[in-house]
Amino acid sequence: MSGDHLHNDSQIEADFRLNDSHKHKDKHKDREHRHKEHKKDKEKDREKSKHSNSEHKDSEKKHKEKEKTKHKDGSSEKHKDKHKDRDKEKRKEEKDGKLKKPKNKDKDKKVPEPDGKKKKPKKEEEQKWKCIFTLDYLMQTLQHSLTNNLFLFSPPRIKDEPEDDGYFAPPKEDIKPLKRPRDEDDADYKPKKIKTEDIKKEKKRKLEEEEVSKETSALLGLEFGIGTTFEANGFREFNWSVVEEKLACVQWEEERYPEGIKWKFLEHKGPVFAPPYEPLPESVKFYYDGKVMKLSPKAEEVATFFAKMLDHEYTTKEIFRKNFFKDWFEYFLAVFQKIKEENEKLLKEYGFCIMDNHKERIANFKIEPPGLFRGRGNHPKMGMLKRRIMPEDIIINCSKDAKVPSPPPGHKWKEVRHDNKVTWLVSWTENIQGSIKYIMLNPSSRIKGEKDWQKYETARRLKKCVDKIRNQYREDWKSKEMKVRQRAVALYFIDKLALRAGNEKEEGETADTVGCCSLRVEHINLYPELDGQEYVVEFDFLGKDSIRYYNKVPVEKRVFKNLQLFMENKQPEDDLFDRLNTAILNKHLQDLMEGLTAKVFRTYNASITLQQQLKELTAPDENIPAKILSYNRANRAVAILCNHQRAPPKTFEKSMMNLQSKIDAKKEQLADARRDLKSAKADAKVMKDAKTKKVVESKKKAVQRLEEQLMKLEVQATDREENKQIALGTSKLNYLDPRISVAWCKKWGVPIEKIYNKTQREKFAWAIDMADEDYEF
DNA sequence: GCTATAACTTAGAACTTAAAAT
DNA sequence: ATTTTAAGTTCTAAGTTATAGC
């Protein structure tokens, strides 16, 4: 490969400007906007002129379907809400009823109102109110606690009322103490005489007791054991008012119980449990040390205990706080542990499949949870609701003789198919773009590994004919046909700059990003001369994931002239290559070499660059860390070529400053050491004895050591600065033939673990197996 | 041809864990 | 031992390419 072809100086130089490329995204917004308007008009025109029936129908159909789903979702939501409301109302009614009921009873005065009865409903009200209050209060106080540097919850976006599913409400039936009528007429109270029990009589007594119980029950006109039905909701079903009426009517003689005996009949409904914890809404966040922290429901609940007491002086007491935090952290540490274990269990069970006699790891066995869609860049659909995927959305793919996984109880799959022409196990249609999502195998699987290997083999085949292809497109720059010229210039960019193919995208569905074929006039600037270079093309556009591509490249004169030609009489929003698209380009490439597509050039150029850079940078007698540094530099050259960028880490500035202060401190140390050395030398000159000489030697060494340390720090600083926005991972994982790296490791005795981590070794197992030290890409 | 779409690869961010520095 | 930083993992969006159906 000719050196000038790929990374000429200008490119490297340009890449140092990457620093501000993220910031410049905004600049594109305006342009994007203009483009959209423009395209809309264009499309309108096209539609007018075409009036293709089927297209029209189709789009209409699509639209209708969208409406339908919208409606569906909407209505179901509404339905839910209605339901909720109804439930609420029902509960309200119940409560009101309870309030009234006792009043009615007061009227007939058959049963005197025990004190508790009147208060009970009031208490309910109070309790519920307190609950609402508590939540509101929580939100306020928690926020307030920020200043106390404890923890806080963010202000809820929606003011959620606590869901009262009866948890905070009292049981549906009032619980009143079963009071005997005798309370009112104590005067007539004549307890029966019964002698103190002795053991012999125990049995008899029991029998008697039972009889009394039976008696009571009989008097009440009920079966023995009044409230023995225990419903799932926790409340026994019998009617207190009936019981009370019966009890009121009964007149019986009260007897005196033997000493120690308190009663002979007792029936009640058991205790009411504390309501289960109602988790706070999603919008309420827990902050610890200024950072959002997800809490398990249990830990969250315990946190609310504290929060509820924030205004109490308890919380200012050291012991109280200490104990709380100890317990609390233990609490959710345990819960954390449990979650971890559960995840492991899930992976063990669902994370694998069997394909052709191999147990294979599945890449993404979890269905994407619902949430808000987060597009990249300036995405028109950002914030839209990503629906929950139900079993009814899921298509299962497995072999006919396999056991079909069973859907969750009460559900069924959308479809079960047996298609062995595809590799996916599960698929569903996502609701934002309407695209299909798949569950597929891990990169370590046979099926993915083989495909990966194939990819690099295709790139190697390109290596054999790339010169011919390059000559071809150079010829085509002169073609009479516009289409051929555009194709040739586009291919030149794809080859030289490793640009992506650049499919057309549907307007308004995605962020406005482009690749080679979809470049617009506004994305390039032509400079017949710039900074002492001739025929410079300046690229500035947003590529995949809205990552900015900015580069100034000197090109051959013919290319330059062609670009001028393509741009003639065009608006900035017009396509640069108006006679070209990816289909045309790839069809042509297919003719040049079997299996050749635009992206093969990226793979080829990435891999060949690594190989060549490794050759250039590896110094035979350097130690292993130095060799690894060379490898990373070669890797970085590829990442720069492919424009693999990342947002600078959030802590970048801070950690950079830390490093800088370390460097400064080291410099000071060094200056001190040098001063010491100087004075020691002066001493030595005067004294001329062995002792002072020794001191000089040791001071010299100290200076040397510090110098080395300083250098190391400085190298680290520049290294980090250079890597600020460059992502090495993507190229390593997707573009570099792993056999190049394996061979390099073998050749220089670098352990493969230094280059590939465990996951990467698994993915590239085929290459580690295959390549020896003189493998040539 | 052109469009829709299915299937698959490539991508950076967010999150988690391990290692290094203090 | 604790904090900071880096490495590793997971997640899923956003591309490319082939193909089916007009």
Side-chain angles (χ1 to χ4, degrees), chain A residues 22 46 50 52-55 57-59 61-62 289 292 294 336 340 343 347 351 363-369 371 373-377 379 381-382 386 395 397 419 421-424 427 429-430 432-443 447-448 451-452 455 500-506 509-511 513-518 542-547 581-587 589-590 595-600 602-603 606 639 642-647 649-652 654-656 658-659 662 716 720 723 725-735 756-760:
Chain A
H22 273 280
R46 215 188 292 164
K50 265 189 196 160
S52 151
N53 245 344
S54 66
E55 189 186 310
K57 252 188 215 161
D58 272 350
S59 70
K61 208 167 125 193
K62 214 175 168 185
D289 200 19
V292 178
K294 249 190 264 166
F336 253 36
K340 216 176 139 189
N343 276 339
L347 170 70
N364 54 327
F365 60 94
K366 288 175 188 159
I367 294 212
E368 294 170 18
F373 175 77
R374 298 161 76 145
R376 310 270 173 88
H379 201 293
K381 297 195 169 182
M382 63 170 99
K386 197 167 114 170
I395 302 173
N397 191 32
D419 183 356
K421 302 275 196 300
V422 296
T423 69
W424 54 268
S427 77
T429 302
E430 154 266 2
I432 303 288
Q433 321 269 1
S435 64
I436 309 168
K437 299 257 183 166
Y438 303 93
I439 288 182
M440 291 186 187
L441 296 191
N442 202 55
I447 211 163
K448 294 285 182 193
K451 197 84 188 291
D452 208 33
K455 174 181 79 186
R500 296 188 185 83
N503 288 298
E504 301 103 297
K505 304 168 78 186
E506 210 177 326
E509 295 289 305
T510 60
T513 62
V514 297
C516 185
C517 293
S518 50
L542 297 183
K544 182 178 179 178
D545 290 322
S546 295
I547 296 293
N581 62 36
T582 53
I584 295 168
L585 179 68
N586 279 334
K587 193 159 231 178
L589 292 175
Q590 192 62 234
L596 185 62
T597 64
K599 85 187 188 84
V600 178
R602 244 166 109 81
T603 312
C642 294
N643 198 39
H644 289 144
Q645 288 185 247
R646 59 168 183 174
K650 281 201 175 83
T651 54
F652 188 85
K654 203 183 128 207
S655 74
M656 214 59 196
N658 281 349
L659 192 57
K662 257 196 235 169
Q716 197 187 348
R720 200 185 289 177
N723 238 14
Q725 300 195 273
I726 296 167
L728 301 183
T730 304
S731 51
K732 203 176 192 178
L733 229 53
N734 300 301
Y735 287 104
Y756 291 136
N757 65 37
K758 192 170 130 272
T759 321
Q760 291 164 340

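Every value quoted in this text rests on a predicted model; they were computed, and no experiment measured them. Order of the sequence lines fixes the chain letters, A, B, ..., with proteins taken first and strands second; residue numbering starts at 1 for each chain.
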A.B. asks: Could you go step by step and tell me if A/Arg376 and A/Thr513 meet the side-chain hydrogen bond (donor to acceptor under 3.5 Å, both in side chains) rule?
C.D. replies: CA-CA 10 Å; A/Arg376 310 270 173 88; A/Thr513 62; over 6 Å; no
A.B. asks: Among B/dG12, B/dA7, B/dT9, find the nucleotide with the atom closest to the side chain of A/Asp419.
C.D. replies: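 The answer is B/dA7, which lies nearest to the side chain.
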A.B. asks: Please pick, from B/dC8, C/dT12, C/dT17, the nucleotide with the shortest atom-to-atom distance to any side-chain atom of A/Tyr438.
C.D. replies: B/dC8
A.B. asks: Ignoring backbone atoms, establish whether A/His379 has a side-chain N or O less than 4.0 Å from OP1 or OP2 of C/dA13.
C.D. replies: no
A.B. asks: Measuring to OP1 and OP2 of B/dA11, would you say a side-chain N or O of A/Tyr735 lies under 4.0 angstrom away?
C.D. replies: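 For B/dA11, OP1 or OP2 has a side-chain N or O of A/Tyr735 closer than 4.0 Å.
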A.B. asks: Between B/dC8, C/dG8, C/dT16, which nucleotide gets closest to the side-chain atoms of A/Asn757?
C.D. replies: C/dG8
A.B. asks: Could you check which of C/dT17, B/dA11, B/dA21 has an atom nearest any side-chain atom of A/Thr730?
C.D. replies: B/dA11
A.B. asks: Applying salt bridge (charged side-chain N to carboxylate O under 4.0 Å, His left out), name anything that partners A/Lys448, two or more places apart in sequence or on another chain.
C.D. replies: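 For A/Lys448, no residue satisfies salt bridge (charged side-chain N to carboxylate O under 4.0 Å, His left out) once neighbours in sequence are set aside.
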A.B. asks: Compare every heavy atom of A/Ala727 with every heavy atom of A/Ala639, then report the nearest pair and how far apart it is.
C.D. replies: CB-O, 3.5 Å
A.B. asks: Verify the contact: side-chain N or O of A/Thr597 to OP1 or OP2 of C/dT17, cut-off strictly under 4.0 Å; return yes or no.
C.D. replies: yes
A.B. asks: Counting any heavy atom closer than 4.0 Å, what does A/Ala583 reach on the DNA or RNA strands: base, sugar-phosphate only, or nothing?
C.D. replies: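 Nothing, no nucleic acid heavy atom in range.
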A.B. asks: Can you see if the side chain of A/Lys662 gets near the phosphate of B/dT22 - specifically, an N or O under 4.0 Å from OP1 or OP2?
C.D. replies: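 Result: yes.
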A.B. asks: Using a 4.0 Å heavy-atom cut-off, does A/Asn503 contact any base of the nucleic acid, only the sugar-phosphate backbone, or nothing at all?
C.D. replies: base
A.B. asks: Tell me whether the side-chain N/O atoms of A/Arg374 come closer than 4.0 Å to OP1 or OP2 in C/dC11.
C.D. replies: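 Negative; the distance criterion is not met.
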A.B. asks: Between A/Lys381 (NZ) and C/dT12 (P), how many Å, whole number?
C.D. replies: 18 Å
A.B. asks: Checking A/Gln725 against A/Ile547 for the side chain to side chain contact (heavy atoms under 4.5 Å, CB included) test, could you report, in this order, the C-alpha distance in whole Å, the side-chain angles of both residues, the deciding distance, and whether it holds?
C.D. replies: CA-CA 11 Å; A/Gln725 300 195 273; A/Ile547 296 293; over 6 Å; no
A.B. asks: Pick the nucleotide of DNA chain C nearest each of A/Thr582 and A/Lys758; which residue has the one closer to the 5' end?
C.D. replies: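 Closer to the 5' end of DNA chain C: A/Lys758.
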A.B. asks: Contact class for A/Thr759 (heavy atom, under 4.0 Å): base, sugar-phosphate, or nothing?
C.D. replies: sugar-phosphate
A.B. asks: Return whichever of A/Asn581 or A/His644 has its heavy-atom-nearest nucleotide of DNA chain B closer to the 5' end.
C.D. replies: A/Asn581
A.B. asks: So what does A/Lys544 touch, heavy atoms closer than 4.0 Å: a base, only the sugar-phosphate, or nothing?
C.D. replies: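 Contact class for A/Lys544: base.
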A.B. asks: Looking at B/dA14, B/dG12, C/dT17, which one has an atom nearest to any side-chain atom of A/Asp545?
C.D. replies: B/dG12
A.B. asks: State, to 0.1 Å, how close A/Leu347 and A/Phe365 come at their nearest heavy-atom pair, and which atoms those are.
C.D. replies: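 Taking A/Leu347 first and A/Phe365 second, the nearest heavy atoms are CD1-CE2, 3.6 Å.
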A.B. asks: Nearest-Å distance, NZ (A/Lys505) to P (C/dG15)?
C.D. replies: 4 Å
A.B. asks: Is A/Gly729 touching bases, backbone alone, or none of the nucleic acid, heavy atoms closer than 4.0 Å?
C.D. replies: nothing
A.B. asks: So, OP1 or OP2 of B/dC8: does either fall under 4.0 Å of a side-chain N or O from A/Thr423?
C.D. replies: yes
A.B. asks: Please pick, from B/dT5, C/dG15, B/dG12, the nucleotide with the shortest atom-to-atom distance to any side-chain atom of A/Ile436.
C.D. replies: B/dT5
A.B. asks: With respect to the phosphate group of B/dA6, does any side-chain polar atom (N or O) of A/Lys421 fall under 4.0 Å of OP1 or OP2?
C.D. replies: no
A.B. asks: Is the phosphate of C/dA13 approached by A/Lys437 (side-chain N or O, under 4.0 Å from OP1 or OP2)?
C.D. replies: yes
A.B. asks: Using a cut-off of less than 4.0 Å, is there contact between a side-chain N or O of A/Arg602 and OP1 or OP2 of B/dT9?
C.D. replies: no
A.B. asks: Can you identify which nucleotide, out of B/dA13, C/dT16, B/dC8, has its nearest atom closest to the A/Lys451 side chain?
C.D. replies: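 Nearest to the side chain of A/Lys451 among the choices is B/dC8.
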A.B. asks: May I ask you to say what A/Lys386 touches in the nucleic acid, namely base, sugar-phosphate or nothing, with a heavy-atom cut-off under 4.0 Å?
C.D. replies: sugar-phosphate
A.B. asks: Ring-plane angle category for A/His379 and A/Phe373, please: parallel below 30°, perpendicular beyond 60°, tilted otherwise.
C.D. replies: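 The rings of A/His379 and A/Phe373 stand perpendicular, inter-plane angle above 60°.
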A.B. asks: Please map the stems of DNA chain B, keeping only stretches of three or more Watson-Crick or G-U wobble pairs with both distances under 3.5 angstrom.
C.D. replies: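 Looking at DNA chain B, the stems formed by three or more consecutive pairs are B:1-22 with C:1-22.
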A.B. asks: If you look at every strand shown and take non-hydrogen atoms under 4.0 Å, does A/Pro443 touch a base, only sugar-phosphate, or nothing?
C.D. replies: nothing
A.B. asks: Inspect the surroundings of CZ in A/Arg374 and state if more than 12 heavy atoms from other residues, nucleotides or ligands are less than 6.0 Å away.
C.D. replies: no
A.B. asks: So which nucleotide from B/dT9, C/dT12, C/dT9 ends up closest to the side chain of A/Met440?
C.D. replies: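 Selected nucleotide: B/dT9.
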A.B. asks: Using a 4.0 Å heavy-atom cut-off, does A/Arg376 contact any base of the nucleic acid, only the sugar-phosphate backbone, or nothing at all?
C.D. replies: base
A.B. asks: With a 4.0 Å cutoff (strictly under), does any side-chain N or O of A/Thr510 reach OP1 or OP2 of C/dA14?
C.D. replies: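 For A/Thr510, the contact criterion (side-chain N or O under 4.0 Å from OP1 or OP2 of C/dA14) is not met.
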A.B. asks: Of the candidate nucleotides B/dA13, C/dA13, C/dT5, which contains the atom at the shortest distance from the side chain of A/Asn658?
C.D. replies: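 From the listed options, C/dT5 comes nearest.
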A.B. asks: Heavy atoms under 4.0 Å, any strand shown: does A/Thr651 hit a base, just sugar-phosphate, or nothing?
C.D. replies: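 No contact.
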A.B. asks: Measure from the side chain of A/Phe373, starting at C-beta and using heavy atoms only, and say which of C/dT9, C/dA14, C/dT5 lies closest.
C.D. replies: C/dA14
A.B. asks: Classify A/Ser427 by what it touches in the nucleic acid, base, sugar-phosphate, or nothing, heavy-atom distance under 4.0 Å.
C.D. replies: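 No contact.
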A.B. asks: Is the phosphate of B/dT9, meaning OP1 or OP2, less than 4.0 Å from a side-chain N or O of A/Asn734?
C.D. replies: no
A.B. asks: Please tell me which of A/Ile367 and A/Gln590 maps to the more 5' nucleotide of DNA chain C, matching each residue to the nucleotide holding its nearest heavy atom.
C.D. replies: A/Ile367
